[in-house]
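What's counted below: heavy atoms across the whole structure, side chains too, no hydrogens, waters or symmetry copies. One-based numbering, in listed order, for ligands and for the atoms of each.
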Amino acid sequence: MKTTKSEKLFKKALNLIPGGVNSPVRAFKAVNSKPLFITKASGSKIWDADGNKFIDYVMSWGPLILGHAHPEVISAVKNVLKNGTSYGAPTEIEVKLAELIKKMMPSVELVRMVNSGTEATMSAIRLARAYTGRKKIIKFEGCYHGHADSFLVKAGSGATTLGIPSSPGVPDEMAGLTLNAKFNDINSVEKLVKENKNEIACIIVEPVPGNMGVVLPEDNFLLKLRQICDEEKILLIFDEVITGFRLAPGGAQEFFGVKADLTTLGKIIGGGFPVGAYGGKKEIMELVAPSGPVYQAGTLSGNPVAMTAGYTTLKILYENRKRIYKQLEEKAKTLAENFKAISKKNNVKIQINQIASMMTVFFAESEVKDYGTALKSDTNKFARFFNLMLENGVYLPPSQFEAMFLSTAHSDDDIEKTIIAFENSIKKLTL
Ligand SMILES: *Cc1c(COP(=O)(O)O)cnc(C)c1O
């Protein structure tokens with residue numbers, strides 16, 4: 001595979017941007033390689049600067065559930081661009097998006113738009129602290145909620161990938177207010193709640209963690225969190241930045257039948273543009289300025305471009321929900337089943353966690369059900385696997401601790417080619 005143009009661009013970028021990238025995992029550091037510079041994308045495919053073409057399973061890390069450059073999304077955005085890009089004033093489209101979010105995810109009675117998932121989670125915990133008058137928060141090891149100070153304590157995603165889950169620069173005073181429980185271990189939550197009685201403002205959780213690789217919640221884990229929160233007057237925040245509108249039309253809350261007090265959103269609701277949102281019970285959300293005293297603002301929040309892309313995406317998902325979610329799940333299942341069979345045949349130990357259209361192939365001996373078991377994966381083997389898949393035309397997330405995403409644009413032919421690429425890669429891996 002020729003990569004001379006990407007290499008040249010990376011060399012230049014290294015002198016201008018920290019690590020040559022604007023978000024850490026992109027650098028391909030974890031897979032002992034150098035990043036490809038992307039020039040265009042369409043449907044399920046991306047092309048790099050040297051003209052290599054790949055079937056993409058990163059999908060911009062989750063937003064593109066309809067595939068790259070979906071014609072309806074692009075055309076809606078083109079139309080809105082003609083009338084300007086941002087006014088710093090209310091528009092009809094943001095009201096329409098809020099209405100559709102509420103319709104699809106009924107626990108979100110009021111919603112505030114922001115510009116990234118990080119802003120959404122950061123604002124949601126400020127609100128939870130204001131509402132409860134308490135300072136501490138509980139999160140889970142390996143979950144990622146963006147890069148605000150409160151969350152960079154045993155955080156997932158790039159922080160785990162690069163071995164910096166607890167970042168320098170976060171004051172101890174701040175980190176001390178963030179307590180870490182173990183995902184799928186309700187006792188670890190009960191213990192923290194007991195030790196910090198009447199001090200916990202909220203429990204924030206990715207209902208299906210995607211940022212330590214995909215991990216599935218075990219029986220009733222989310223329901224038990226709900227019960228603890230009700231008993232202890234703690235707010236339950238579901239960080240559905242990934243799972244929202246991906247697991248089901250109503251996100252993880254619909255999928256598992258558990259309602260959150262506050263929900264954070266992002267990725268899919270921006271249709272490929274920078275976006276985030278937080279919402280939930282009216283009584284809580286009414287504390288947000290200007291209806292209440294909890295301050296939060298944004299120059300570009302709710303701008304018509306992102307709102308239009310998000311609204312168009314959600315509308316397509318909603319109108320075709322009976323078909324889309326089933327088809328996405330079937331494609332992911334086909335991949336997972338074939339991957340399992342091929343690795344078994346070749347005596348390569350893998351664990352696949354898959355739910356709806358998200359999955360991770362872990363090079364691990366035993367089941368991955370939390371951060372500790374995820375970290376037992378053979379990351380060197382993953383790195384070799386990643387590079388082999390790339391050479392076979394498949395672009396995976398360049399880290400063991402991330403999720404592969406399917407989109408409606410992934411065709412049966414893509415799935416077939418991916419399975420062939422997997423077989424070739426696994427065979428070479430054993431040589
Ligand atoms: C991506 C992500 C975030 C952060 O969103 P950004 O838009 O990158 O700031 C927060 N929570 C989860 C679960 C995410 O996957």
Side-chain angles (χ1 to χ4, degrees), residues 21-26 57-65 105 112-126 128 137 139-162 165 167 178 183 202-217 222 236-247 251-253 255 260 262-279 296 298 300-303 306 309-310 313 353 355-360 371 374 397-399 401-405:
V21 290
N22 280 315
S23 197
V25 187
R26 289 181 202 172
Y57 289 97
V58 177
M59 302 315 275
S60 192
W61 303 91
L64 304 173
I65 194 166
M105 201 177 260
R112 168 60 64 81
M113 296 296 167
V114 292
N115 299 290
S116 68
T118 296
E119 264 187 79
T121 53
M122 190 175 88
S123 311
I125 58 165
R126 179 183 302 142
I137 68 166
K139 67 177 274 295
F140 294 87
E141 290 178 1
C143 278
Y144 180 71
H145 304 293
H147 63 85
D149 284 354
S150 297
F151 301 119
L152 290 182
V153 185
K154 296 194 181 176
S157 191
T160 288
T161 301
L162 301 172
S167 172
T178 301
F183 195 79
C202 63
I203 296 179
I204 183 165
V205 65
E206 293 183 71
V208 175
N211 287 295
M212 47 180 134
V214 174
V215 169
L216 309 183
L222 298 172
L236 180 61
I237 305 178
F238 272 8
D239 182 354
E240 295 226 44
V241 170
I242 287 179
T243 53
F245 314 104
R246 178 166 288 279
L247 292 194
Q253 305 184 47
F255 196 98
L262 291 174
T263 301
T264 53
L265 298 167
K267 298 193 169 117
I268 287 177
I269 62 159
F273 285 85
V275 98
Y278 63 108
Q296 181 272 307
L300 291 170
S301 296
N303 73 77
T313 302
N353 287 347
I355 182 168
S357 54
M358 54 195 279
M359 62 191 273
T360 298
Y371 189 53
S399 163
F401 308 109
E402 298 287 352
M404 284 171 69
F405 294 110

#### Entry: Qualifying side chain to side chain donor-acceptor pair (under 3.5 Å) pairs, either residue in residues 265-276, two or more places apart
none
### Atom pair CZ (R246) and CE (M358), whose distance is rounded to the nearest 0.5 Å
7.5 Å
## Note on the structure
In short, G271 meets T313 closest at the heavy-atom pair CA-OG1, 3.5 Å
### Within the protein, residues bringing a heavy atom under 4.0 Å of ligand 1, chain by chain
S116, G117, T118, Y144, H145, G146, E206, N211, D239, V241, I242, K267
### Query
Taking it one step at a time, do T264 and D239 satisfy side chain to side chain donor-acceptor pair (under 3.5 Å)?
CA-CA 5 Å; T264 53; D239 182 354; 2.9 Å; yes
### Query
Side-chain donor-acceptor pair under 3.5 Å between Q296 and R112, yes or no?
yes
#### Entry: E240 side chain vs A252 backbone, donor-acceptor pair below 3.5 Å
yes
